[in-house]
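Below: the structure, in structure tokens.
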Amino acid sequence: MAKNVVVVGTQWGDEGKGKIVDWLAGHAQGVARFQGGHNAGHTLVVGKTEYKLNLVPSGIVHEGVACFIGNGVVLDIHHLLGEIRVLEAGGIKVRDRLKVSPGCPLILGYHNALDLAREAAKAAGDKIGTTGKGIGPAYEDKVARRALRVYDLFDRDRFAAKLRDILDYHNFVLTQYLKAPAVDFQAVFDQAMADGEELRPMVADVAAGLHAINRAGGSLLFEGAQGTLLDIDHGTYPFVTSSNCAAGQAAAGSGLGPGSLHYILGITKAYCTRVGGGPFPTELDIETPGAPGEQMSTRGREIGTVTRRKRRCGWLDLAALRRSILINGVTGLCITKLDVLDGLPELKLCTGYALNGEQVGLLPLGAEEVRRCKPVFETLPGWNTSTVGAKDWRALPPEARAYLHRIEEICEAPIDVISTGPEREETILRRHPFGV
């Protein structure tokens, strides 16, 4: 029986992790976010209510489940407090169940200004497609050892002194290099002090809290944001996010040792999507009515939760998926949005690439190499029977089962869960990640 489970995306994000974390949270005593920031967007559908979460762990909609934001998350407190108020207005109690690490680096106004000014200065083909929410600059400050962290908020004089030094540096870059307006010290300081006081009752030692649940025999669920192919080290660099999205970060970003991560669930959409710039070997046309890519885009409602941009769509890339399985040490896969493929006469699976005159079976590192990859496809028959809401493996049409079996064969990883709709119960379970 797996005591602790890590949920990670195996593609470029937007795989449907929120629904799966919500579904699994009922079997855990604690749910933790361990990386990223409010550039993540998880949508949950519970009954007739839809919740859109950016920072608050998806387990919050389960009464009695403790929720944690670990030190690996860069934190925009003002955004977090706004998210909490929305949840509270919907009748969900948050403040007595949410704990925030004092080690979280802060995202402040100058991070957003830097993010937007840098992206605006790039040539069209070089734009990353950043959300402009200050995530990257905040992680830069962390690595450069100049970040302000949550614990700094509670020493007013120390915070002010550090902020002046940091702002002198960043305002020089903003005004002299990026030709953008300076950020006002007093406005940033006053907002941070007010937000810090409201946050103070929720600040706690997250690592100690997670260890306490484990010692008491409880189970933990770790909620990843973005996807493995956006990982700062292993993704299609430089078209990546600024954090490590792989499963190993669950340990570093929370304070629970890696030996306590028992099962890694890789969330995989039945096709591929990507938001923003960067190479995408299996990309399809999403504008031509009736084309496979247009069906994926329209039926899959492929609009970014945070960015509201249309997601690019393409066939499932198993060479990329194999790379993610390798990086994460995936125990089992969860396939989401299978129903979006209903009615397509044939389906294609990318089994590898032609690259530099050779056949390769794994996604290479770096955007330049990935751009040169020509996908090698295997064609399978589609199905006309609806898979929407199916709750049993035998309820799937034979062609859908064959499609899933082929994914398992090529990737050498079991498909343990299949999501057939946004509701919790619209799930086919072949093997439970928690072993229940």
Side-chain angles (χ1 to χ4, degrees), residues 1-9 17-18 20-38 40 42 53-75 77 80 83-84 87 92-106 142 149-151 199-226 243-267 328-329 331 432-436:
M1 176 177 177
K3 192 174 182 182
N4 302 321
V5 173
V6 184
V7 174
V8 291
K17 296 181 292 296
I20 300 302
V21 171
D22 169 55
W23 174 71
L24 287 171
H27 300 279
Q29 284 67 56
V31 180
R33 269 284 304 275
F34 56 87
Q35 49 78 221
H38 62 305
H42 290 169
L53 305 178
N54 300 131
L55 283 166
V56 177
S58 300
I60 201 68
V61 297
H62 290 264
E63 190 173 345
V65 174
C67 291
F68 301 90
I69 296 177
N71 56 277
V73 174
V74 285
L75 189 63
I77 299 176
L80 174 64
E83 196 173 319
I84 289 170
L87 287 165
I92 296 175
K93 292 183 178 180
V94 178
R95 294 170 198 256
D96 60 340
R97 290 195 289 129
L98 178 64
K99 303 301 177 188
V100 177
S101 170
C104 289
L106 297 175
K142 172 186 173 178
R149 296 184 181 246
V150 168
Y151 52 64
L199 182 73
R200 189 192 287 261
M202 291 176 271
V203 176
D205 187 331
V206 165
L210 295 171
H211 279 277
I213 290 173
N214 255 196
R215 281 197 304 271
S219 292
L220 298 169
L221 184 60
F222 293 87
E223 176 180 5
Q226 290 88 36
S243 62
N244 287 111
C245 312
Q249 179 62 20
S254 69
L256 195 74
S260 296
L261 308 177
H262 305 128
Y263 180 108
I264 314 300
L265 182 63
I267 312 301
N328 290 296
T331 312
H432 203 293
F434 279 114
V436 295

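Computation of the quantities below employed the complete heavy-atom set of this structure, encompassing side-chain atoms and omitting hydrogens, waters and symmetry-equivalent molecules. None of the values given here were measured: they were computed from a predicted structure.
- Using a 4.5 Å heavy-atom threshold, the side chains of V65 and H27 count as separate.
- Taking CG from L221 and CZ from F68, the interatomic distance works out to 12.0 Å, rounded to the nearest 0.5 Å.
- Judged by distance alone, the side chain of T331 and the main-chain N or O of Y263 form no donor-acceptor pair under 3.5 Å.
- With contacts defined as side-chain heavy-atom distances shorter than 4.5 Å, the pair C67/K99 does not qualify.
- In this structure, the side chain of E83 engages the main chain of L55 through a donor-acceptor pair within 3.5 Å.
- Taking every heavy atom of both residues into account, C104 and G70 meet most closely at SG-O, 3.1 Å.
- Closest heavy-atom contact between G255 and H211: O-NE2, 3.3 Å.
- Contact check for L256 versus N214: side-chain heavy atoms found under the 4.5 Å cut-off.
- Heavy-atom minimum distance, G36 versus S243: N-OG, 3.6 Å.
- Residues passing the salt bridge (Lys or Arg N to Asp or Glu O under 4.0 Å) test with R95, sequence neighbours excluded: E88, E198.
- At a threshold of 4.5 Å between non-hydrogen side-chain atoms, the residues E63 and K93 do not count as touching.
- A donor-acceptor contact shorter than 3.5 Å links the side chain of D205 to the backbone of A207.
- No donor-acceptor pair closer than 3.5 Å links the side chain of H262 to the backbone N or O of V6.
- Judged as a side-chain contact (heavy atoms from CB on, under 4.5 Å), and not counting sequence neighbours, the contacts of Q29 are I213, S219.
- Taking the side chain as every heavy atom from C-beta outward, V21 and P57 never approach each other to under 4.5 Å.
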Next on the checklist: side-chain contact (heavy atoms from CB on, under 4.5 Å) for F222 and L210? Distances and angles first, verdict last.
Outcome noted: CA-CA 11 Å; F222 293 87; L210 295 171; 4.1 Å; yes
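- When side chains are defined from C-beta on, V206 does not count as touching V100, because their heavy atoms never get closer than 4.5 Å.
- Take V203 and apply the side-chain contact (heavy atoms from CB on, under 4.5 Å) test, not counting sequence neighbours, and it matches P102, V150, F154, L199.
- Side chain of N4 to main chain of L261: no donor-acceptor pair is present (N/O by atom type, distance under 3.5 Å, no hydrogens or angles).
- Judged by distance alone, the side chain of S101 and the main-chain N or O of G103 form a donor-acceptor pair under 3.5 Å.
- In terms of modelled atom types and a separation under 3.5 Å, the side chain of Q35 and the main chain of Q249 share no donor-acceptor contact.
- Between the side chain of R33 and the main chain of G72, no donor-acceptor pair closer than 3.5 Å is present.
- The shortest heavy-atom contact between A25 and G59 is CB-CA, 3.8 Å.
- Counting only distance, with no hydrogens or angles, the side chain of S254 and the backbone of A250 share a donor-acceptor pair below 3.5 Å.
- Distance check: I69 CD1 to E223 CD gives 10.0 Å after rounding to the nearest 0.5 Å.
- Looking at L80 and N54, their side chains never come closer than 4.5 Å, going by heavy atoms from C-beta outward.
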Item to check | Worked check of side-chain contact (heavy atoms from CB on, under 4.5 Å) between L53 and L87 | outcome: CA-CA 9 Å; L53 305 178; L87 287 165; 3.8 Å; yes
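- Of all the heavy atoms in P105 and K142, the pair that sits closest is CG-CD, 3.8 Å.
- Side-chain N or O atoms of N71 include none that pairs as donor or acceptor with a backbone N or O of F34 at under 3.5 Å.
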Next on the checklist: Could you go through H62 and D22, starting from their C-alpha distance and side-chain angles, then the distance that decides it, and tell me whether this counts as side-chain contact (heavy atoms from CB on, under 4.5 Å)?
Outcome noted: CA-CA 8 Å; H62 290 264; D22 169 55; 2.9 Å; yes
Next on the checklist: Quick one, L265 with V8, criterion side-chain contact (heavy atoms from CB on, under 4.5 Å). Give me CA distance, side-chain angles, the key distance, then yes/no.
Outcome noted: CA-CA 6 Å; L265 182 63; V8 291; over 6 Å; no
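- The aromatic rings of F434 and H432 sit tilted relative to each other, their planes meeting at an angle between 30° and 60°.
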